[in-house]
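Accompanying notes for the structure given below.
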Amino acid sequence: MINSFEIICCNLAKIFEPTKYVKKMLVFPNCKINLGLNITKKRLDGFHDIETVFHPINWCDALEVIEVKGQAESFVFSESGLLISGKKEDNLIYKAWKLITEIKSIPPIKVHLHKNLPMGAGLGGGSADAAFFINLVDKKFDLGLSYPQKSEIASKLGSDCSFFINNQPVLAIGKGNEFSPIKINLSNYYLLLVYPNIHSNTKDAYNGIIPKTPVVDLRTIIENQPISEWKKNLINDFEETVFIKYPEISALKDSFYENGALYACMSGSGSSVFGIFDKKPALTFNPSYQFYLQTPASKIL
């Protein structure tokens, strides 16, 4: 599966005739996992305050942006891979382009997204695509956007979108868009992510949740406790409601522990489940499930 994805990515440029283009730009937007997720307060604006740790993972999409001379339309979008529902105008990449063009001039472009990351999975794939697009056009067209400017654009697209601008582990609070660095190193472990073909709705996941202040804050757990202790203390509040509606996700998490995971958890509001292993896992699950194994030798993109 990885080899076929790499082949597709390497040949994205063949979708268009190369002689018409001035600049080709190809990046690989990676996803993230949530290490713990505490829902701490219902806000007056209708949102919730949360506490979570975002950690980047190598599982990725492929995004190509091509400058086109003489193109009548300013923005042309195409896609391959997993089916993306909705109109072009609903896509976060298009919305990012609209926001950028309100303050900067961009030449006509064609954008192609090869969608490899599952959607409705709690992995932030759509947010990653938009954030990588922002960084890409800023760099290649010398827009001179500052980090605060890029983060402000991204934050208008989603609470976790601005995380991918810097793409480093952070403690996120507030609506999930207020970041501070956190000390964590998972480079010596296997990280297995499994998407059980369930599209989890974040709004539904909040139903039934009673916000509360955690007994131990996430920074203390992450920075001071061994991973083997996280099972008892590092929780995701969304599991309480999502597991009732989808017991197969709970069973998937249990199977991680049954097969030697040091820690396992649902990511975000689901439905993906990830596990941290000190040895290469040998799990068996439904062959229709999408999965990704990050090995200790992998480096975050």
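Hydrogens, waters and symmetry mates play no part in the numbers below; they use all other heavy atoms, side chains included.
The pair Asp45-Arg43 meets the salt-bridge criterion, with a side-chain N (NZ, NE, NH1 or NH2) lying under 4.0 Å from an Asp/Glu carboxylate O. Here Asp129 pairs with Lys115 in a salt bridge; the nearest charged N to carboxylate O distance falls below 4.0 Å. We find that Lys212 and Asp237 are joined by a salt bridge, their nearest charged nitrogen and carboxylate oxygen being less than 4.0 Å apart.
Counting only N and O atoms by type, the side chains of Asp160 and Asn177 include no donor and acceptor under 3.5 Å apart. A side-chain donor-acceptor contact under 3.5 Å links Ser187 and Asn185. Side-chain contact check for Asn197 and Gln290: no donor-acceptor pair (N or O, by modelled atom type) lies under 3.5 Å. Residues Ser200 and Ser271 have side chains that never bring a donor and an acceptor to within less than 3.5 angstrom of each other.
By the 6.0 Å contact criterion, CD1 on Ile103 is enclosed, its count of non-hydrogen atoms from other residues, nucleotides or ligands being greater than 12. Residue Phe77 qualifies as enclosed at atom CZ: its count of foreign heavy atoms under 6.0 Å is above 12. Applying the 6.0 Å contact sphere to NZ of Lys139 captures no more than 12 heavy atoms from other residues, nucleotides or ligands.
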Practice task
Step by step, work out the ring pair (Phe, Tyr, Trp, His ring centres under 6.0 Å) result for Tyr206 and Phe238.
Solution key: CA-CA 7 Å; Tyr206 271 111; Phe238 279 124; 4.8 Å; yes
Practice task
Please step through side chain to side chain contact (heavy atoms under 4.5 Å, CB included) for the pair Leu193 and Phe291, ending with a clear verdict.
Solution key: CA-CA 5 Å; Leu193 284 70; Phe291 71 94; over 6 Å; no
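Taking every heavy atom of both residues into account, Tyr94 and Glu89 meet most closely at CD2-CA, 3.5 Å.
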Identify all side-chain donor-acceptor contacts of residues 275-285 below 3.5 Å with residues at least two apart in sequence or on another chain.
none

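Applying the side-chain contact (heavy atoms from CB on, under 4.5 Å) criterion to Glu239, with sequence neighbours excluded, gives Asn236, Phe243, Lys253, Cys265, Met266. Remark: Lys41 pairs with Asp49 by the salt bridge (Lys or Arg N to Asp or Glu O under 4.0 Å) rule, at least two apart or across chains.
Cluster annotation: Leu63 and Leu99 are assigned to the same hydrophobic cluster (Ile/Leu/Val/Met/Phe/Trp/Tyr, side-chain heavy-atom contacts under 4.5 Å, transitive). Both Phe256 and Leu37 sit in one connected hydrophobic cluster of ILVMFWY residues. Membership requires side-chain heavy atoms under 4.5 Å apart, directly or through other members. No single ILVMFWY cluster, assembled from side-chain heavy atoms under 4.5 Å apart, contains both Ile235 and Tyr263.
Checked by atom type and distance alone, the side chain of Asn116 pairs as donor or acceptor with a backbone atom of Cys60 at under 3.5 Å. In this structure a side-chain-to-backbone donor-acceptor pair under 3.5 Å is missing from Ser78 to His112. Listed for the Trp230 side chain is a donor-acceptor partner under 3.5 Å among the backbone atoms of Gln225.
Cation-pi geometry between Lys175 and Phe47 is met: the NZ or CZ atom falls under 6.0 Å from the ring centre, inside 45° of the normal.
The side-chain heavy atoms of Val53 and Val170, taken from C-beta on, include no pair separated by under 4.5 Å.
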